[in-house]
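Written out below as structure tokens is the structure these notes cover.
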Amino acid sequence: MPMDESLQVRSYAKINWTLEVLFKREDGYHELRTIYQTVSLYDRLRITSSAGPINVSCDNPSVPCDETNLAHRAATLLREATGVVVGACIEIEKLIPVAGGLGGGSSNAASTLTGLARVWRVEVTEEDLQNIAASLGSDVPFFLEGGTALGTGRGEHVQPIEQVHCDDLLLVNPGVQVSTAEIYAKLSRLTSPGPESNIPFDLFAAEGISELPFADRNDLEKAAFDLYPEIAEVKRRLISLGATHALMSGSGATVFGVFDKSETRMRAESELMASGYWVQPVRTVDREEFQRTIFELP
Ligand code: C5P
């Protein structure tokens with residue numbers, strides 16, 4: 001195996017069109033029903049096979065590059081699962097806001113698994129990859145699939161659904177880093193375990209997905225808005241600037257706005273930038289585009 005084999009991988013961001021928290025489970029996680037969507041913002045990972053240990057570097061100093069880094073953990077788990085004896089260099093060019101509800105760390109982990117399997121030339125079954133991904137984090141399995149997908153369980157059971165297309169989305173982040181665990185811990189109405197409020201949701205419901213209101217509900221918003229009122233302010237601004245919908249993504253702090261005209265979106269973009277927010281226009285990336293573009297040519 002050539003030691004210098006290298007690959008550039010796109011590590012896409014996601015939003016959640018909806019996120020419903022159904023109940024708190026015995027294992028402490030919350031049972032979810034969410035619709036994931038990949039969007040056209042991505043980190044770049046350069047993955048190189050090496051003779052040394054697993055090494056992660058990142059151009060953003062706020063990202064820890066030690067064994068706690070999800071990409072580092074992904075590489076270690078893949079190495080254990082396949083028994084390869086080589087190492088890897090994983091260089092992350094970070095464009096996705098850190099701890100911003102856009103799945104950046106989870107996406108990096110999934111891209112590392114996909115990229116390393118290719119660079120190391122190891123055979124891993126889809127099931128093994130899914131299991132490793134799920135053990136890394138609730139959102140990681142989604143990033144092996146991309147596009148529009150339904151997430152159930154703690155988010156790790158992923159099922160592709162009808163692909164949603166939207167060209168005029170605006171991601172806005174007020175500059176706070178949110179701890180997912182902290183937001184879930186604040187869900188006071190869901191502190192007792194029990195399946196009472198669990199509504200069966202399966203293929204049947206997925207087929208009727210086009211009737212679901214998109215960008216309509218995120219059950220984590222209230223807890224996040226209480227802790228960080230600046231997130232609620234971003235949502236309010238997006239609506240007042242003409243977004244037809246605005247919703248916090250994941251556990252925040254990024255809020256996405258949906259626009260029906262690109263001129264309105266462009267105006268909102270410059271207004272919000274002038275207010276000092278991180279602002280990024282994006283469009284949806286469906287499953288086909290995701291799979292086709294994940295590996296970049298050198
Ligand atoms: O799975 P992940 O490591 O991304 O989750 C981070 C934290 O968010 C968990 O430790 C848990 O506190 C919370 N969480 C949850 N229910 C979920 C997903 C995450 O309570 N479905």
Side-chain angles (χ1 to χ4, degrees), residues 13-24 28-30 32-37 39 41 60-64 94-106 137-139 151 154-155 166 168-192 197 213-259 264-282:
K14 61 86 181 156
I15 55 171
N16 302 77
W17 287 121
T18 64
L19 196 161
E20 290 170 80
V21 180
L22 303 178
F23 61 91
K24 188 172 179 183
Y29 280 91
H30 293 79
L32 302 185
R33 182 164 73 190
T34 185
I35 300 172
Y36 293 112
Q37 175 69 58
V39 294
L41 167 69
N60 180 333
S62 73
V63 175
K94 228 333 116 213
L95 294 169
I96 306 172
V98 177
L102 299 173
S106 301
S138 307
D139 288 346
R154 56 185 172 89
C166 180
D168 289 305
L169 295 168
L170 196 59
L171 306 178
V172 187
N173 187 296
V176 286
Q177 293 197 1
V178 172
S179 148
T180 301
E182 185 185 20
I183 299 294
Y184 277 103
K186 208 165 183 299
L187 284 178
S188 50
R189 70 179 179 85
L190 293 162
T191 44
S192 62
S197 60
F214 281 99
D216 181 61
R217 173 173 174 181
N218 179 343
D219 288 344
L220 301 178
E221 273 191 343
K222 192 180 174 316
F225 291 178
D226 285 351
L227 284 166
Y228 305 99
E230 51 271 64
I231 305 176
E233 172 63 10
V234 169
K235 177 167 172 151
R236 200 192 57 72
R237 289 284 305 277
L238 273 164
I239 296 291
S240 74
L241 288 165
T244 57
H245 298 83
L247 196 74
M248 188 176 82
S249 181
S251 55
T254 307
V255 180
F256 64 93
V258 183
F259 291 83
T264 322
R265 181 186 72 170
M266 282 191 283
R267 256 200 318 277
E269 185 186 342
S270 39
E271 290 266 341
L272 291 163
M273 241 157 63
S275 300
Y277 295 122
W278 174 91
V279 184
Q280 177 70 50
V282 290

Subject >> Nearest heavy-atom neighbours spanning Val178 and Gly252 >> reply: CB-O, 3.6 Å

Original post:
Say you draw a straight line from CH2 of Trp17 to CG of Leu247; how long is it, rounded to the nearest 0.5 Å?
Top reply: 9.5 Å

**OP:** Hey, could you give me the NZ/CG distance between Lys186 and Leu227, rounded to the nearest 0.5 Å?
**Re:** 5.0 Å

Subject >> For Ala224, all residues meeting side chain to side chain contact (heavy atoms under 4.5 Å, CB included), sequence neighbours excluded >> reply: Ile183, Ile231, Met248

Original post:
Under the 3.5 angstrom rule, does the side chain of Arg265 hit a backbone N or O of Leu169 as a donor-acceptor pair?
Top reply: yes

**OP:** Look at atom NZ of Lys222 and say whether more than 12 heavy atoms of other residues, nucleotides or ligands are closer to it than 6.0 Å.
**Re:** no

Subject >> Short side-chain to backbone donor-acceptor contact, Lys24 and His30, under 3.5 Å >> reply: no

Original post:
So, for Gly250 and Leu220, which heavy atoms are closest and what is the spacing to 0.1 Å?
Top reply: O-CD1, 3.6 Å

Original post:
Going through the distances and angles, do Val279 and Leu171 end up as a side chain to side chain contact (heavy atoms under 4.5 Å, CB included)?
Top reply: CA-CA 6 Å; Val279 184; Leu171 306 178; over 6 Å; no

**OP:** Enter the distance from Asn218:CG to Thr18:OG1 here, rounded to the nearest 0.5 Å.
**Re:** 8.5 Å

Original post:
Roughly how far apart are Leu22 CG and Thr34 OG1, rounded to 0.5 Å?
Top reply: 10.5 Å

Original post:
Should Asp168 and Val258 count as side-chain neighbours, where that means a heavy-atom distance under 4.5 Å?
Top reply: no

**OP:** Decide yes or no on side chain to side chain contact (heavy atoms under 4.5 Å, CB included) for Thr244 and Ile239, but give the supporting numbers first.
**Re:** CA-CA 7 Å; Thr244 57; Ile239 296 291; over 6 Å; no

**OP:** Go through the steps for Asn60 and Val63 under the test side chain to side chain contact (heavy atoms under 4.5 Å, CB included), then give the verdict.
**Re:** CA-CA 6 Å; Asn60 180 333; Val63 175; 4.1 Å; yes

Original post:
What distance do Leu19 atom CG and Tyr36 atom OH have between them, rounded to the nearest 0.5 Å?
Top reply: 8.0 Å

Subject >> Worked check of side chain to side chain contact (heavy atoms under 4.5 Å, CB included) between Val172 and Thr254 >> reply: CA-CA 5 Å; Val172 187; Thr254 307; 5.8 Å; no

Original post:
With sequence neighbours excluded, what pairs up with Glu230 under the side chain to side chain donor-acceptor pair (under 3.5 Å) test?
Top reply: none

**OP:** For Asp139 and Ser106, work out which heavy atoms get closest and say how close.
**Re:** CB-OG, 3.6 Å

Subject >> Partners passing ring pair (Phe, Tyr, Trp, His ring centres under 6.0 Å) against Phe259 (at least two apart in sequence or in another chain) >> reply: none

**OP:** State the OH-CG distance between Tyr184 and Asp219, to the nearest 0.5 angstrom.
**Re:** 9.5 Å

Original post:
For Ser275, which residues count as a side chain to side chain donor-acceptor pair (under 3.5 Å) partner, sequence neighbours excluded?
Top reply: Arg237

Subject >> Side-chain touch Asn173/Tyr277, heavy atoms, less than 4.5 angstrom >> reply: no

**OP:** Could you check if a side-chain atom of Ser138 sits within less than 4.5 angstrom of a side-chain atom of Tyr29, using non-hydrogen atoms only?
**Re:** yes

**OP:** List for me each residue that meets salt bridge (charged side-chain N to carboxylate O under 4.0 Å, His left out) alongside Glu269, sequence neighbours excluded, and say none if there are none.
**Re:** none

Original post:
side chain to side chain contact (heavy atoms under 4.5 Å, CB included) with Ser249: which residues, sequence neighbours excluded?
Top reply: Lys14, Ile15, Asn16, Leu102, Phe256

**OP:** Check Gly257 against Ala243 and note the closest heavy-atom contact, atom names and distance.
**Re:** CA-CB, 4.2 Å

Original post:
Taking only residues two or more places apart in sequence, or in another chain, which ones meet Thr264 in a side chain to side chain donor-acceptor pair (under 3.5 Å)?
Top reply: none

Original post:
For the residue pair Ser62 and Gln177, what are the closest heavy atoms and their distance?
Top reply: OG-NE2, 4.0 Å

**OP:** Applying side chain to side chain donor-acceptor pair (under 3.5 Å), name anything that partners Glu233, two or more places apart in sequence or on another chain.
**Re:** Arg236

**OP:** With sequence neighbours excluded, tell me which residues meet side chain to side chain contact (heavy atoms under 4.5 Å, CB included) with Ser270.
**Re:** none

**OP:** Only counting residues at least two apart or in another chain, list the ones meeting side chain to side chain contact (heavy atoms under 4.5 Å, CB included) with Ser179.
**Re:** Ala181, Glu182

